[in-house]
Structures are given as C-alpha cells and as structure tokens.
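What follows is a set of notes on a single structure, which appears directly below.
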Amino acid sequence: MNIRELLTESVQQAMLDAGINAECPAVVAPSKKAGFGDYQANGAMGAAKVMKSKPRDLAQLIVDNLKLDGIAEKIEIAGPGFINIHLKDSWLAQQVDNTLAHKQLGIEKSTQPQTVVIDYSAPNLAKEMHVGHLRSTIIGDALVRLLEFQGHTVIRQNHVGDWGTQFGMLIAELEEQLQNSPEASLALKDLEVFYQQSKKHFDQDEAFATKAREYVVKLQGGDPEILKLWEQFRDVSLKHSEEIYHDLNVTLGRDHVQGESAYNSDLAVLLKELQDQGLAVESLGAQVVFLEELADKEGNPSPVIVQKQGGGFLYSTSDLAAIRHRVNTLHADRIMYFIDARQSLHLQQVYTIARKAGFAGDDVSLEHHAFGTMMGENGKPFATRSGGTVKLADLLVEAKERATATVAEKNPHLSADEAAAIGETVGIGAVKYADLSKTRTNDYIFSWDSMLSFEGNTAPYLQYAYARIQSIFSKAGVEGSSLSGSTLLGTSQERALSVKLLQLDEVLEQVAREAYPHILCTYLYDLASLYMSYYEACPILKEGVEADTRASRLRLCQSVASTLRTGLDLLGIDVLERM
C-alpha cells in the first residue's frame, strides 16, 4: 500500500467515524506547495455540500477522528477546510529503507490482476515502418512493461496490415522479380522502392493489373502457390519491423503478430451473426450497420460498412473479429488500443457494434488511447526535406550518429567504440523519451537539439543523473546494492527526496489507469532535479562527514539510482554506468 492509499484509507475511516456520508471521498493528494504538508486531504470541501455544513467544521471533525499515530508529525487545517498532513521523518526514513530491501522498490504485485490485451505498433507490411508508427509502438510498449511490472497478464497484439487488395499487386510483382533473383529478401531489400515499382507496374500494364486482381481472389481463396508467395513477402517484411523493434528496445516479437489475415476465416461467420441479429442490413448492395447511438446533428444514424458491394470486407469487419478473438479466446478483461486520433470515430463505431452484438460484454473494458502527431520544427507533420515520409530506420540511425557526436564532444578521452556504444543508448533513449514525455493526446515538435540536450526534461539528463550516482559509488569504493545501515533525514533536501522516492507507486498506478506515460517522465525528472539539489546541499564523500550520515546519504543515492533505473526501464530506456 503506497502513502496515498494509506492516508486515503485513514482519512476515509475518520470521515465515517465523524458521521460523514460514506459516499463522500477523502480526496487525498500530494501537496503542491512547500510548507503545506506532504499530503492534503480535501474531502471536507465536497462533504460540506452534501452534509450542509461548514467545510472547516467538518475538517475539524475529521482531524479529531484521524488516527495517524507514528505516521504523521503534524496535522493542521488550512484555509476553508484543507487538511495538511506532515509526515514523520522517522517514518519516512523507515519507508525508504523498506523500498531498498524490496526487489520491486516496495511495490507489491496487483491483488486483482487482469488479463490485458494491448494492440499497438501495427505497421502495414506492404511498406517499411515510418515515423508515424513511432508513437503507437513506444507508448504501447511502455504500458505493456508497466502493467507486467504490476503483475497483470499482458498479451501483446501487433495487428499488422498483411491482407487486402494491395497484396495481389505485391505478390504478382514479387513473382516476376523472383524469376531474376531467387531470394525474396533481395527483391524486398527496400520495401518502399518495391511498393513504388509494383504500383507503377500496376498502373501502366493492364495485363499485370489483371493478374494482380486475380491473385487477390486466389489469395482469399487459399491458393497454395499464391499463399506461398504471400508468406515469403510477409516473412521478409516482418524482419524489417523486427530490426526496428530491436533498435528501439521494444518487446514486440514474431509471436505477438496477429495480423488482419488471422481473422479472414471468421469474417463471413461474423457477418452472418450481425445479419441474424438484424444489425447488418443491405444498403446499395453493401452490408451496413446503422448506429443511432452515433447519429449526426440532423439525427442521421452513423453508417458502418461491414461488407462492400463486391463482397469484400473492411477494417471494421476485421476489427470486430479481433475483439471477438480477444474476448473469447484470450479472455481479456481490458483491451487497450494505441492508435492515432484520426481513427477515433472508426473505433467508436467498432466498439458500439461489438457491445450491441454481444461480442464484448460490459465486464470488458474497450479503450482507445489516441495520440497526436509528430511535427517538424516548421509546425507541419514531420517529413523529409522533399516532403516525403521519413523511414523509422533512418531516423534511428541519425539519432545514434548525432548522439555519438555529442558524447564524443563532451568526452574526448573516449575511444570511438566507447562513444558509439554510449551514443546508441543515448540516441535511442532520447528519441523515445522526447515522445513519451509529451502528453500523449497532443501533437509535439520533433527537435534534435532539445531531445539530445543534457539539460531539462530529457533522457540524457536522466541517464547522466544515474551515471553520476554510479561515479559516486565508484569513488566511495562501494557497491550500491550492498549498502547497509539506516536512512537519516537531517536536512530539508533529504526529506524532500525521500517523499518523492516514495511516490513512485502512486505514479505508476495513475499511468496504468490513464495510459499517460508523460506522468512517469515528469516524476523521474522531478526526482532527478531534487537529487541534484540534494547532491549540492548534502556532502557525501567530503572529509568531516560522520560515518552514519555518509552511509545514509549513500543509501539515498542508491534509492534514487534504483528508482531512475526502474522508471526508465518501464519506458524502455536503458541507463549507463558512465557517460
């Protein structure tokens, strides 16, 4: 139980003991201003409206019944009825010691673990991954890591685009190119070029276009030869994605791929069920579900096509089949989709149909966690100088090269290999953190200078803070993990650092609930900033520092290092022992 939960439970009980309506919440949160306690309980404000009483009078009743002996040093009422709780130094110190002794920094596994299915990344296998896939991939992976850390069963689902009419064209092109080179990997070395060649071929050669259309029908019909070509194309394209995932330090693998093709056999069955329930009806030769729930301002229901006039199925159909699979086969309690904001209406339609058709009951949480666009410094969507799409692989290469140059400039004594190794970790971390540290739903400006800076809320700043602590251990001749003794809080900086350290669990709970990784980034930055203030104000290795004080301060260093390492790992960012 974290501090916020402990205090909430205690204040809630005090409110009950004071005769306050049980439905009135305690509203406990960390204090935002120094001097107003470590935490504030603001429940008296809302309770006063319900109880038709003065907030300050209710606050006094709560304080009179509040049992925080041994935990709180002082409890006071401020303003119209805020309750400020000042925690005891000795209690704080004991909690910090407890976190060091625990393998997960005192964070217990969830007592109510869920099966969580997370749909993220989802590149189109017809093309190489581009910068537009970055946000889905790294935000989704951060939530995967965090929920697993909390003890939930997390099932990754990479819903790749590996089906549809374009694959007839691509397979026909691959077949022709294999006549000149037997290696599919050589023909598909550059997916963008291959796609452009096949599209040009399709547009200019009617015989080729006819064959491509025939191959679509054969592919959907399960023709063995066409399926073999499709599988070759799919395999090479997935390898392109897997290289990106490896570079990005993302946990997606081949076993997590569940593409559109996986649901092909269920689409006709699903359509029949929608028809039998009277949800799908014929309209202009197509099968359409009309949703009154999403009607426009004129009252016209929102139409969702689930089968085209020619008999083909759409994204809406395969997405419905995916929900059925995730509920019935994977037994999901919670399904989280990390897809950009432009798909909001589409997913709203799919979720509404899934509920109406009984594919997902009210006990299953269907969540769309949308995100904004990565923008260039010109304020337009991030693109090449010529306005083309930026390949994600090229972006990561540039990140490593720029970071390596920065590291070499700051540390000219490093060998080229050492600078490159550090530069890779710093560069990849910088790209990920620059994205994750921004509010997910907002667009953000991509800036090399900002993300690679060693100052401010950046990955290099946090990585440097961690490396700095390791250098202190090295100078002290100790292993951080082997430090013994008790934590002593003799200064305001030590105290502030301890309170912040103990808030990690609260932060992780919020991120897991709301799927906003920037909250964790902000916490880590605040922690590192407090550490820098602590380091300046509290000598550790200087002569004249008492042995107990030195040991205590080294333990605080270790707590900060462990928290930074854990937090960055949950974001998929590596730390460095030296920089």
Side-chain angles (χ1 to χ4, degrees), residues 122-130 159-241 257-272 280 282-288 303-322 346 388-389 391:
N124 185 333
L125 297 191
K127 301 177 182 180
E128 286 188 51
M129 291 180 72
H130 56 80
H159 190 84
V160 300
D162 64 351
W163 204 247
T165 55
Q166 62 186 328
F167 280 90
M169 175 184 78
L170 295 166
I171 291 166
E173 182 70 22
L174 178 61
E175 182 183 49
E176 293 201 5
Q177 293 204 22
L178 286 178
Q179 293 173 4
N180 301 320
S181 171
E183 290 292 328
S185 58
L186 292 176
L188 300 171
K189 186 176 181 180
D190 189 318
L191 279 173
E192 294 297 320
V193 171
F194 182 87
Y195 183 88
Q196 291 164 6
Q197 288 174 340
S198 60
K199 184 69 169 67
K200 184 178 179 181
H201 203 169
F202 183 89
D203 292 339
Q204 297 180 354
D205 186 337
E206 185 56 40
F208 177 84
T210 300
K211 181 168 68 173
R213 295 188 190 99
E214 291 172 354
Y215 279 10
V216 173
V217 177
K218 289 184 176 182
L219 177 63
Q220 293 173 342
D223 181 278
E225 289 302 314
I226 301 303
L227 275 175
K228 183 179 177 181
L229 286 167
W230 171 78
E231 285 168 359
Q232 282 182 280
F233 185 96
R234 189 174 185 271
D235 180 62
V236 173
S237 187
L238 282 173
K239 284 177 181 174
H240 280 276
S241 299
V257 173
Q258 186 77 2
E260 293 172 24
S261 61
Y263 307 107
N264 188 50
S265 61
D266 190 41
L267 300 184
V269 177
L270 183 146
L271 174 62
K272 180 70 164 54
E282 185 176 336
S283 177
L284 301 176
Q287 290 296 314
V288 184
V304 184
I305 302 173
V306 289
Q307 187 181 42
K308 293 187 289 187
Q309 188 174 13
F313 295 105
L314 295 96
Y315 291 132
S316 55
T317 332
S318 57
D319 281 338
L320 284 167
H346 166 73
T389 302
K391 291 182 183 180

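Minimum interatomic distance between L227 and G222 (heavy atoms only, all atoms of both residues): CD1-O, 3.5 Å. Contact detail for L191 and F233: the closest heavy-atom pair is CD2-CZ, 4.0 Å. Residue H130 comes nearest to T389 through the heavy atom pair CB-CG2, 3.2 Å, listed as atom of the first residue, atom of the second, then distance. Of all heavy-atom pairs between E192 and E128, the closest is OE2-N, 3.1 Å.
Side-chain atoms of W163 and F313, non-hydrogen and from C-beta on, never get closer than 4.5 Å to each other. With contacts defined as side-chain heavy-atom distances shorter than 4.5 Å, the pair V306/V288 does not qualify. Residues D162 and W230 have side chains in contact (heavy-atom distance under 4.5 Å, counting atoms from C-beta outward). Between L229 and Q232, the closest side-chain pair of non-hydrogen atoms falls below 4.5 Å. Between T317 and Q307 there is no side-chain heavy-atom pair separated by less than 4.5 Å. Under the 4.5 Å side-chain criterion, counting only non-hydrogen atoms from C-beta, E282 is in contact with Q287. Between D190 and Q196, the closest side-chain pair of non-hydrogen atoms is not below 4.5 Å.
For OH of Y315, the number of neighbouring non-hydrogen atoms (other residues, nucleotides, ligands) closer than 6.0 Å is 12 at most. Counting heavy-atom neighbours within 6.0 Å of K127 NZ, excluding the residue itself, gives a total of 12 or less. Under a cut-off of 6.0 angstrom, the local environment of CD in E225 is sparse, with at most 12 non-hydrogen atoms contributed by other residues, nucleotides or ligands. The environment of CD in E231 is crowded: more than 12 heavy-atom neighbours from other residues, nucleotides or ligands sit within 6.0 Å.
At a threshold of 4.0 Å, the pair E260-R234 does not count as salt-bridged, since none of the basic side-chain nitrogens sits closer than that to a carboxylate oxygen.
A distance below 6.0 Å separates the ring centres of Y263 and H159.
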> Hey, mind stepping through Q309 and L284 against side-chain contact (heavy atoms from CB on, under 4.5 Å) and telling me if it holds?
Replying inline: CA-CA 7 Å; Q309 188 174 13; L284 301 176; over 6 Å; no
What pairs of donor and acceptor atoms, side-chain ones from residues 166-176 against any protein atom, are under 3.5 angstrom apart with sequence neighbours left out?
from, atom 1, to, atom 2, distance (Å)
E173, OE1, H201, ND1, 2.9
E173, OE2, Q177, NE2, 3.0
E175, OE1, Y215, OH, 2.6
E175, OE2, Y215, OH, 3.2
E176, OE2, K211, NZ, 3.2

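Put simply, OG on S198 and CG on D203 are 9.5 Å apart, with the number rounded to the nearest 0.5 Å. One finds the CE atom of M129 at 10.0 Å from the OG atom of S237 (value rounded to the nearest 0.5 Å).
Judged as a salt bridge (Lys or Arg N to Asp or Glu O under 4.0 Å), and not counting sequence neighbours, D223 has no contacts.
Between the S316 side chain and the I305 main chain, a donor and an acceptor come within less than 3.5 Å of each other.
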